[in-house]
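Let me begin by presenting the structure, written as structure tokens, before commenting on it.
Note that ligands are numbered from 1 as they come in the structure, with each ligand's atoms numbered from 1 the same way. From a predicted model like this one, the values you see are computed outputs, not experimental measurements. Side chains are part of it too, since the values below use all heavy atoms of this structure and drop only hydrogens, waters and symmetry mates.
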Amino acid sequence: MNEAKVEEKQVIGKTKLTKELEEILPPTHVSTDMYDIEATSGDLSLLSKYHYKFKKEYQATHVVRPGTTEELSNVMKKCKEYSIPMTIRAAGSSCYSSSTPTNGGVIIDMRRMDKIYEIDANNKTVRCGAGISWLRLIEALLEYGLGPKCYPTSYKSSCVGGFVVTSGKVGIGVLKNGIMKDAIKSLVFVKPDGSVETISRTSQGDLTLDDIIGSFGIFGAVAEVELEVTSLNTSIEMAGYGFKTFKMAAEFFRTLKNNDAHKPFFLSLSDKSFEKYAHWTYPARAFFVYAVYSDDPSATSQSVSFAKDAASKLDGLPVEDWYLKEKFRDIADTEVNVGRWCQNLVFQEYWVSDNRIEDFYNFYMEKTSRQRYRNAFYLMSGAKGGNRIKLFGLSDIKDSREFFGIKAVFNDITINNYENKDSLYTLGVVNTFYFLRFNPERAEYLMNLKNKIDPEDLVNSYRLVKAKMRTWRVGLLFWIAKRLYRTA
Ligand SMILES: Cc1cc2nc3c(=O)[nH]c(=O)nc-3n(C[C@H](O)[C@H](O)[C@H](O)COP(=O)(O)OP(=O)(O)OC[C@H]3O[C@@H](n4cnc5c(N)ncnc54)[C@H](O)[C@@H]3O)c2cc1C
């Protein structure tokens, strides 16, 4: 930014910007209230709380809630005119400060862009605003006997646009119907300068669907989404088995995952601690695999029988019906429930290939077996080949040694995972330095594109292409943390 622009930005001041934004949006949807700003700045990982404690200038000055693509475009044009940073935010459920401001400016809360423009039941498509929650979309499609092909287990709050840009590779429906990218027909996209473009699978412009998926919003905002949807199945059933060893559980998991005749609608693997923290009660055995099947009644029951046969060959013990009911009911809350047990839930999410699940687990055990903190392990299947593993550390907010000690363990596991050609699942602001270090080629590609589309780095800065943290500083911090935690 040149000096004149810096000066201009300072002169504009909060009030002038507020007034100009109020000309674009209904004034009730332009807020400078500090509680409103706080409520749209944090996430479950609590990391943004640490950031703002030390770096007040990261915090935004405004929250705006556009309701249409035109309003969104005009807000972005205005911010661009004055070089004001913008942070795009939906439900904030992706964590790691993904939708958290890092550069001041304006938070663009997408959740008013929640209209359904068209449901075409014959062609099985829907066109809606990107800020609609999955739950609302599911309810609207239900009227037509339709459902989304895939969606995250956070569907109660998280929004369609949030799943698109965080990659949408894992969740409900992905194994049976494909990942988010497969379901997208087109997107209406607003670039950092406010220009609006429709991007489909065949688009040849500056940005392709591949660039936007997994972009964490660095290239602009998804305003509208056109999706392929699917007919609802007439039956749904959950199967659950407990195993004595991780090896057996992982083998069973892969057997279910890779059987094309009986594709699960949802599939997970968890350890006993996860069951204990995530539910009110928990069954015996050390490891658990849960599969949801959904099809017509006869196909569903054949799939459940297939799971039963496969489990018996690996000494799998069926989970009682009453617990399966609780499990099924809790599918959307299970990860959040772990937070009930502590004041400061620390977690990290990894993308791990099918054939490396055991190696990952063994390394995790090696790193945590002598640690005192309470932990939990949860794996959710992605489409063929990959999985999201979420590690939890239950920490006390007053015990910062423990907090940093857990982060140091996660750091070792992250490095080991990248060295074995796997990666982190969610990047956001706080994990970007790993991405830059271990994926330099992809980072360079994204950086070149970012320079072209958003040369001032106004939209969602410090994600994927530029890090707030330095690798050596983080390394030093964790080195010290490990020693302090051990002596605590
Ligand atoms: C309990 C729980 C369960 C989860 N289950 C899953 C799961 O099954 N699968 C999975 O993949 N993830 C899962 N997640 C992670 C998270 O919920 C998903 O990534 C979700 O899709 C994020 O949506 P959101 O609306 O909360 O987006 P946010 O967290 O608000 O935003 C995520 C990122 O997208 C950007 N963004 C949001 N909307 C737009 C837009 N319209 N245009 C451009 N950029 C945008 C933001 O700037 C940010 O970088 C889970 C999280 C929790 C807490």
Side-chain angles (χ1 to χ4, degrees), residues 40-45 48 66 69 72 76 86-102 107-114 128-135 137 150-175 179-181 187-192 199 207 211-225 266-268 278 330-339 345 347 349 351 378-383 386-388 390 392 425-432 459-464:
T40 45
S41 294
D43 62 44
L44 282 175
S45 61
S48 25
T69 302
L72 173 66
M76 292 178 80
M86 300 163 243
T87 303
I88 306 164
R89 182 174 177 98
S93 70
S94 100
C95 305
Y96 310 95
S97 304
S98 296
S99 48
T100 289
T102 48
I107 296 169
I108 304 177
D109 182 341
M110 296 295 295
R111 287 172 296 177
R112 244 184 93 232
M113 299 197 51
D114 61 351
C128 58
I132 192 171
S133 74
W134 282 104
L135 184 61
L137 184 63
C150 64
Y151 46 98
T153 56
S154 52
Y155 65 88
K156 284 186 186 170
S157 59
S158 64
C159 304
V160 172
F163 198 45
V164 170
V165 302
T166 54
S167 89
K169 288 192 293 190
V170 168
I172 299 170
V174 294
L175 262 177
I179 58 174
M180 188 67 211
K181 183 180 151 189
L187 304 173
V188 174
F189 196 76
V190 185
K191 288 181 171 171
I199 299 174
L207 282 172
D211 295 326
I212 292 164
I213 289 163
S215 69
F216 286 84
I218 61 170
F219 300 125
V222 180
E224 294 167 34
V225 183
F266 173 80
L267 185 64
S268 73
D330 279 1
I331 216 164
D333 304 318
T334 184
E335 292 176 32
V336 184
N337 286 348
V338 181
L345 188 64
F347 47 86
E349 294 165 1
W351 178 249
Y378 180 54
L379 182 155
M380 207 196 296
S381 176
N387 309 282
R388 165 184 177 263
K390 189 158 178 172
F392 297 86
Y425 187 65
T426 305
L427 295 174
V429 174
V430 294
N431 284 329
T432 283
V459 178
N460 279 14
S461 10
Y462 297 102
R463 290 143 180 90
L464 303 184

Suppose we measure from [atom] to each protein heavy atom; which comes out shortest, and what is that distance?
{"atom": "atom 33 (C) of ligand 1", "result": "Thr166 CG2, 3.7 Å"}
{"atom": "atom 43 (C) of ligand 1", "result": "Gly220 O, 3.3 Å"}
{"atom": "atom 8 (O) of ligand 1", "result": "Thr153 N, 2.9 Å"}
{"atom": "atom 22 (C) of ligand 1", "result": "Ser93 OG, 3.4 Å"}
{"atom": "atom 7 (C) of ligand 1", "result": "Pro152 CB, 3.5 Å"}
{"atom": "atom 32 (C) of ligand 1", "result": "Ser94 OG, 3.4 Å"}
{"atom": "atom 30 (O) of ligand 1", "result": "Gly92 N, 2.7 Å"}
{"atom": "atom 2 (C) of ligand 1", "result": "Glu335 OE1, 3.5 Å"}

The one among [options] that brings a heavy atom closest to [atom]:
{"atom": "atom 48 (C) of ligand 1", "options": "Ser133, Ser98, Ser381, Ser158", "answer": "Ser98"}
{"atom": "atom 21 (O) of ligand 1", "options": "Phe163, Phe219, Phe347, Trp134", "answer": "Phe163"}
{"atom": "atom 34 (O) of ligand 1", "options": "Thr100, Leu464, Val165", "answer": "Val165"}

_Using every non-hydrogen atom in the two residues, find where Leu345 and Glu335 come nearest and quote the distance to one decimal._
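The answer is CD2-O, 4.4 Å.
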*Identify the two heavy atoms, one from Val459 and one from Pro192, that lie closest to each other, and give their separation to 0.1 Å.*
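Shortest heavy-atom contact: CG2-CB, 3.7 Å.
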When only distance counts, is [X] in polar contact with ligand 1, meaning an N/O pair under 3.5 Å?
{"X": "Ala221", "result": "no"}
{"X": "Lys390", "result": "no"}
{"X": "Lys169", "result": "no"}
{"X": "Val222", "result": "yes"}
{"X": "Glu349", "result": "no"}
{"X": "Tyr425", "result": "yes"}
{"X": "Cys159", "result": "yes"}
{"X": "Ala91", "result": "yes"}
{"X": "Met110", "result": "no"}
{"X": "Ile88", "result": "yes"}

*What residue among Val429, Leu427, Asn431 forms side-chain contact (heavy atoms from CB on, under 4.5 Å) with Leu464?*
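Considering Val429, Leu427, Asn431, a side-chain contact (heavy atoms from CB on, under 4.5 Å) with Leu464 is found only for Leu427.
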Interfacing atoms of ligand 1 (cut-off 4.0 Å, heavy-atom, [X]):
{"X": "Leu44", "value": "53 (C)"}
{"X": "Gly171", "value": "8 (O)"}
{"X": "Ala130", "value": "41 (N)"}
{"X": "Val170", "value": "7 (C), 8 (O), 9 (N), 10 (C), 11 (O)"}
{"X": "Val336", "value": "1 (C)"}
{"X": "Phe216", "value": "49 (O)"}

_Can you tell me which portion of Asn460 lies within the under-4.0 Å heavy-atom range of ligand 1? Options are side chain, backbone, both, or neither._
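Side chain only; the backbone of Asn460 stays clear of ligand 1.
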*Does ligand 1 have a heavy atom under 4.0 Å from the side chain of Arg388, from its backbone, from both, or from neither?*
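Near ligand 1, Arg388 shows its side chain, while the N, CA, C and O stay back.
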I need the [X] [atom1] to [Y] [atom2] distance, nearest 0.5 Å.
{"X": "Arg463", "Y": "Ser99", "atom1": "CZ", "atom2": "OG", "value": "7.5 Å"}
{"X": "Ile107", "Y": "Thr40", "atom1": "CD1", "atom2": "OG1", "value": "3.5 Å"}
{"X": "Tyr96", "Y": "Thr432", "atom1": "OH", "atom2": "OG1", "value": "12.5 Å"}
{"X": "Met113", "Y": "Leu72", "atom1": "CE", "atom2": "CG", "value": "5.0 Å"}

Answer yes or no: is there a side-chain heavy-atom contact under 4.5 Å between [X] and [Y]?
{"X": "Thr102", "Y": "Ser97", "answer": "no"}
{"X": "Lys390", "Y": "Tyr425", "answer": "no"}
{"X": "Phe189", "Y": "Phe219", "answer": "yes"}
{"X": "Val160", "Y": "Leu137", "answer": "yes"}

*Side chain of Asn460, backbone of Phe216: donor and acceptor closer than 3.5 Å?*
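Yes: the side chain of Asn460 pairs with the backbone of Phe216.
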*Side chain of Thr166, backbone of Gly214: donor and acceptor closer than 3.5 Å?*
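Checking the backbone N and O of Gly214 against the side chain of Thr166, no donor-acceptor pair under 3.5 Å is found.
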_Stepwise side chain to side chain contact (heavy atoms under 4.5 Å, CB included) check, Val170 with Asn387_ = CA-CA 7 Å; Val170 168; Asn387 309 282; over 6 Å; no
*What pairs with Asn337 under side chain to side chain donor-acceptor pair (under 3.5 Å), at least two apart in sequence or on another chain?*
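Testing Asn337 for side chain to side chain donor-acceptor pair (under 3.5 Å), a comparison that skips the adjacent residues, returns none.
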_Residues which pass side chain to side chain donor-acceptor pair (under 3.5 Å) with Ser154, listed by chain and number, not counting sequence neighbours_ =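 If we apply the side chain to side chain donor-acceptor pair (under 3.5 Å) test to Ser154, skipping adjacent residues, the hits are Ser158.
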*Which class fits the ring pair Phe347 and Phe392: parallel under 30°, tilted 30 to 60°, perpendicular over 60°?*
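Rings of Phe347 and Phe392: tilted, as their planes differ by 30° to 60°.
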